[in-house]
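Note sheet for the following structure.
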Amino acid sequence: MTEDRYLGCLVGHAVGDATGAPVEGLDARLIYSQFGRAIEYVANPPVETLCYTDDTQMSIGVAEVLVEFGHIDEDALATTFGNNYDPDRGYGQGARRLLHAIRDGEDWREFARTLFPGGSYGNGAAMRVAPVALRFADDPERMMQEASASARATHTHEIAIDSARLMAAAVRYALRATSLDPQAFLEHLRDLATTDEFQWQLNTACKLPLEDSYVMFGTGLEAHRSVTTALMCFAMNPESYPDTIATAIGRGGDTDTIAAMAGGISGAYLGLDAVPQELRHRFERQAKDLEYISTLARKLYSASQ
Ligand code: 8NA
Ligand code: MG
Ligand code: MG
Ligand code: MG
């Protein structure tokens, strides 16, 4: 576990988010007809400046709390999400309401529980969990507990909590791997799944050829769909960051979030140099924001040693 992989993870996540964001919500056919093959889109995105969204903004909040407190303090996390909230970053509809409530000093625990029936099962808990994996990579049990805690500030549904645990486990696996067997990666995650939804998705992923199964899992905001798809995008392209995020973006739907999650895993495995310079260069106000994200990655690395 080198510092380079910590940097690769958080930078790969942020760049995946910002590269997928311009086409978030479009379907695969529309993306293909407008921009051609996804790998060409990734080589030359259609915007000069790549702006990051809620996925990165909330990951920064998780990393900040870990650096300051050494663990996930749920009250501090909710407060940090509220303080960092920027309406222009494109948050989920429920997340927006919850963040307003946090800022207004309402009881966020009660609000999160009643936001949707059973709480939110959106992918917002998984999209921001990578810093937890970096901080607790040496202690898998603790990492799973902290991942669950990081979800609960906004997402109380069991699917969302499982999604945060599984995404953390995926980042940890990639961070420590010296070579990557896609089947072993998916079986590791299948064995950790606790909800029926994830057990079904990951069982299917393990049983069928990757290229046949990855189109089955969906690209919507529901955590068990987009998170499984993100895992598959990495499993299909473990040796290439651009191919990983292109696979994520080319399927359409929640492109920023799937590319962020897959990109974070890919960067954790391949290291910082795998994230193309051209994309890093176009990343919004890169001097300031990428440097800040890199500083958080370095601090998580030091704290984890
Ligand atoms: P969330 O908690 O609002 O969940 C996302 C959505 O999932 C909700 O708005 C509901 O439509 C649906 N949902 C969640 N739980 C339930 C439930 N129990 N019953 C019925 N429906 C439910 O927000 P989040 O933080 O989980 O969302 C993350 C996503 O929001 C990411 O894709 C992120 O990029 C962002 N996002 C932004 C835009 C945008 O306008 N730029 C669009 C979509 C999503
Ligand atoms: Mg987003
Ligand atoms: Mg298989
Ligand atoms: Mg999204």
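Remember, it's 1-based here, ligands and their atoms both numbered in the order they're listed.
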Return all protein N, O or S atoms below 2.8 Å from the Mg ion (ligand 2), chain by chain in residue order. T53 OG1, D54 OD1, D55 OD1, D256 OD2

Starting from atom 32 (O) of ligand 1, find the nearest protein heavy-atom neighbour and note its residue, name and distance. D254 OD2, 2.6 Å

Using distance alone, decide if ligand 1 has a nitrogen or oxygen within less than 3.5 Å of any nitrogen or oxygen in G94. yes

Could you find the nearest protein heavy atom to atom 31 (C) of ligand 1 and give me its residue, atom name and distance? T257 OG1, 3.2 Å

Could you give all pairs that pass the side chain to side chain donor-acceptor pair (under 3.5 Å) test and reach residues 230-256, with sequence neighbours left out? T53-D256, N123-D254, N237-T247, E239-Y269, S240-D243, D254-T257

Could you tell me if Q201 and E197 have a donor-acceptor pair between their side chains, going purely by distance under 3.5 Å? no

Do the ring planes of Y121 and H224 sit parallel (below 30°), tilted (30 to 60°) or perpendicular (above 60°)? perpendicular

Mark yes or no for whether R172, through its side chain, and A137, through its backbone, hold a donor-acceptor pair below 3.5 Å. yes

Y91-ligand 1 polar pair, N/O distance under 3.5 Å: no

Using distance alone, determine whether P117 and ligand 1 share an N or O pair under 3.5 Å. yes

Which bit of E222 is near ligand 1, meaning a heavy atom under 4.0 Å away: side chain, backbone, both or neither? neither

Just one of L166, I159, I161, D162 clears the side-chain contact (heavy atoms from CB on, under 4.5 Å) bar with T194, so which one? D162

Between G124 and ligand 1, is there a nitrogen or oxygen pair with a distance under 3.5 Å? yes

Can Y292 be reached from L66 by stepping across I, L, V, M, F, W or Y side chains whose heavy atoms are under 4.5 Å apart? yes

Nearest to atom 29 (C) of ligand 1, what protein heavy atom do you find, and at what distance? N123 OD1, 3.4 Å

Is there a side chain to side chain contact (heavy atoms under 4.5 Å, CB included) between L134 and C9? Walk through the geometry before answering. CA-CA 9 Å; L134 300 185; C9 177; 4.0 Å; yes

Verify the contact flag for atom 12 (C) of ligand 1, where contact means a protein heavy atom under 4.0 Å away. no

What residue and atom, counting heavy atoms only, is the protein's closest point to atom 6 (C) of ligand 1, and at what distance? L221 CD1, 3.5 Å

Out of Q57, E24, R128, whose heavy atom sits nearest atom 39 (C) of ligand 1? E24

Run the contact test for G119 against ligand 1 with a 4.0 Å cut-off on heavy atoms, strictly below, and give the result. yes

What is the closest protein heavy atom to atom 23 (O) of ligand 1, and at what distance does it sit? G92 CA, 3.6 Å

Report yes or no: does a heavy atom of M58 sit under 4.0 Å from some atom of ligand 1? no

Does M127 offer a backbone N or O that forms a donor-acceptor pair with the side chain of D55 under 3.5 Å? no

Is there a nitrogen or oxygen of A95 sitting under 3.5 Å from a nitrogen or oxygen of ligand 1? yes

Check for me whether R37 meets the cation-pi criterion with Y32, that is, NZ or CZ under 6.0 Å from the six-membered ring centre and within 45 degrees of the ring axis. no

Report the nearest protein non-hydrogen atom to atom 15 (N) of ligand 1: residue, atom name, distance rounded to 0.1 Å. Y121 N, 2.9 Å

Within 4.0 Å of some non-hydrogen atom of D54, the atoms of ligand 1 are 30 (O), 33 (C), 34 (O), 35 (C)

closest protein heavy atom to atom 8 (C) of ligand 1 is F116 CZ, 3.4 Å

Under 4.0 Å, heavy-atom basis, I'd like to know which part of R96 is in contact with ligand 1: side chain, backbone, both or neither. neither

Measure T154 to ligand 1 on non-hydrogen atoms and call it side chain, backbone, both or neither using the 4.0 Å cut-off. neither

Heavy-atom closest contact (L192 atom, A169 atom, distance): CD1-CB, 3.6 Å

Provide the number and element of each atom of ligand 1 under 4.0 Å from a heavy atom of D256. 34 (O)

For atom 37 (C) of ligand 1, which candidate among G90, S120, S226, A21 provides the closest heavy atom? G90

